[in-house]
A.B. asks: 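Let me begin by handing over the structure; questions about it come next.
Numbered from 1 within each chain, the chains take letters A, B, ... in sequence-line order.
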There are 2 protein chains.
Amino acid sequence: MTVSAKFNVNRAMCPSRLILEHVTSRWGVLVLATLIERPYRFSELRRAVDKVSEKMLAQTLQTLERDGFVHRDAKPVIPPHVEYSLTRLGHEAAEQVWGLARWTERRVPDVVKAREAYDEGRG
Amino acid sequence: MTVSAKFNVNRAMCPSRLILEHVTSRWGVLVLATLIERPYRFSELRRAVDKVSEKMLAQTLQTLERDGFVHRDAKPVIPPHVEYSLTRLGHEAAEQVWGLARWTERRVPDVVKAREAYDEGRG
DNA sequence: CTGAATCCTTCAAGATACTG
DNA sequence: CAGTATCTTGAAGGATTCAG
């Protein structure tokens, strides 16, 4: 599989938009948020991030690693031991999206009310 | 079409996650960013937001309106004249995502370098 | 002008099974 | 343990057409 296929750089899109998609993706947000706390191993992350599949976790981690947000430390032992941690850049990214996530959470009640009002006029 | 089908509230997902998807969606970001400046008419928005289809613009606007971020003012004239503007909540949302977008843009060079380094070790 | 309705293509998520 | 390979399907997005 080519790099461009693997990381979908084909879709014509400004670079920042692509980065934004990576850090705000379903699993990207959760992985970044989890790793703020401390480094995690692969299976640890699987358990920490509710119901993420192996495939999606691996994919998300690879994307974040390639973007320079996550550092992958594979210790040459048997059985394999791989630790994931945030880089400095990744920590910045995590704080940004986490800030947005917290704002969103604060505003959930407002949005819910708005939706009820909106749906009222439709049925 | 049911409301739940129209606004995909089916997928089990925490509410804040859904809101996050709306405001960070491909077109959501651009629409919010555009409306920060001033109110826009539908066709004006189409021209302002590069290459958005009618369908996606209408869909995005409806979602944002339902969430209480965008106000829709349809003037009862012929031909139709509809203006879209940000609510107070929408303005807050726009500032949040715009902040994230600007951070992302600032870090594009770092990410590009990280990607090059990453791809180097693969070929 | 501002949409709604329909069809169609593509693509990403998820499940499953397998490997070093 | 930490992934990869393959397959299937649902959903998102685009193009087009029609309507008030």
A.B. asks: At less than 4.0 Å, is any side-chain N or O atom of Tyr84(B) found next to OP1 or OP2 of dG3(C)? Yes or no.
C.D. replies: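 Yes, such a contact exists.
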A.B. asks: With rounding to the nearest 0.5 Å, note down the distance linking CG in Asp67(B) to OG1 in Thr63(B).
C.D. replies: 7.0 Å
A.B. asks: Look at Gln62(A) and dT4(D) and indicate whether a side-chain polar atom (N or O) is within less than 4.0 Å of OP1 or OP2.
C.D. replies: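 Yes.
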A.B. asks: Within the 4.5 Å heavy-atom criterion, are Thr87(A) and Val70(A) side-chain neighbours or not?
C.D. replies: no
A.B. asks: For the atom pair CG (Leu64(A)) and CD (Gln59(A)), what is the distance rounded to the nearest 0.5 Å?
C.D. replies: 11.0 Å
A.B. asks: Would you mind reading off the distance between Met56(A) atom CE and dT4(D) atom C1', rounded to a whole angstrom?
C.D. replies: 15 Å
A.B. asks: Any chance you could measure Tyr84(A), atom OH, to Thr60(A), atom OG1, to the nearest 0.5 Å?
C.D. replies: 11.0 Å
A.B. asks: Rounded to whole Å, please give me the gap between CZ in Arg26(B) and C1' in dG14(D).
C.D. replies: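 It is 12 Å, rounded to the nearest whole Å.
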A.B. asks: Please give, in whole Å, the distance from dC1(C) C1' to Glu83(B) CD?
C.D. replies: 13 Å
A.B. asks: Provide, to the nearest angstrom, the distance between the CD atom belonging to Glu44(A) and the C1' atom belonging to dG3(D).
C.D. replies: 16 Å
A.B. asks: Reading DNA chain C from 5' onward, which residue's closest nucleotide shows up sooner: Lys55(B) or Arg41(B)?
C.D. replies: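 So the residue in question is Arg41(B).
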A.B. asks: If only side-chain N and O atoms of Gln59(A) are considered, is one of them under 4.0 Å from the OP1 or OP2 phosphate oxygen of dA12(C)?
C.D. replies: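 Gln59(A) to dA12(C) OP1/OP2: no side-chain N or O under 4.0 Å.
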A.B. asks: Looking only at side-chain N and O atoms, does Tyr40(A) come under 4.0 Å of OP1 or OP2 in dA2(D)?
C.D. replies: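 The answer is no; no side-chain N or O of Tyr40(A) sits under 4.0 Å from OP1 or OP2.
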A.B. asks: If you assign each of Ser53(A) and Val82(B) to its closest nucleotide in DNA chain C, which residue comes earlier from the 5' end?
C.D. replies: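 Taking each residue's closest nucleotide, the earlier one in sequence belongs to Val82(B).
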A.B. asks: To the nearest angstrom, how far is Arg72(A) atom CZ from dC1(D) atom P?
C.D. replies: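 Those two atoms, CZ and P, are 16 Å apart.
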A.B. asks: I want to check one thing: is the phosphate of dA12(C), taken as OP1 and OP2, less than 4.0 Å away from some side-chain N or O of Trp27(A)?
C.D. replies: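 False: Trp27(A) side-chain N/O out of range (4.0 Å or more) of dA12(C) OP1/OP2.
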A.B. asks: Roughly, in whole Å, what's the span from CD in Glu54(B) to P in dT17(D)?
C.D. replies: 13 Å
A.B. asks: Rounded to whole angstrom units, what separation is found between the CD1 atom of Ile78(A) and the P atom of dG3(D)?
C.D. replies: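 Taking atom P of dG3(D) as the reference, CD1 of Ile78(A) is at 14 Å.
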A.B. asks: Do Gln96(B) and Glu92(B) have side-chain heavy atoms sitting under 4.5 Å apart?
C.D. replies: no
A.B. asks: Rounded to whole angstroms, how far apart are NZ on Lys75(A) and P on dA2(D)?
C.D. replies: 11 Å
A.B. asks: Looking at dG20(D), dC1(D), dA4(C), which one has an atom nearest to any side-chain atom of Pro80(B)?
C.D. replies: dG20(D)
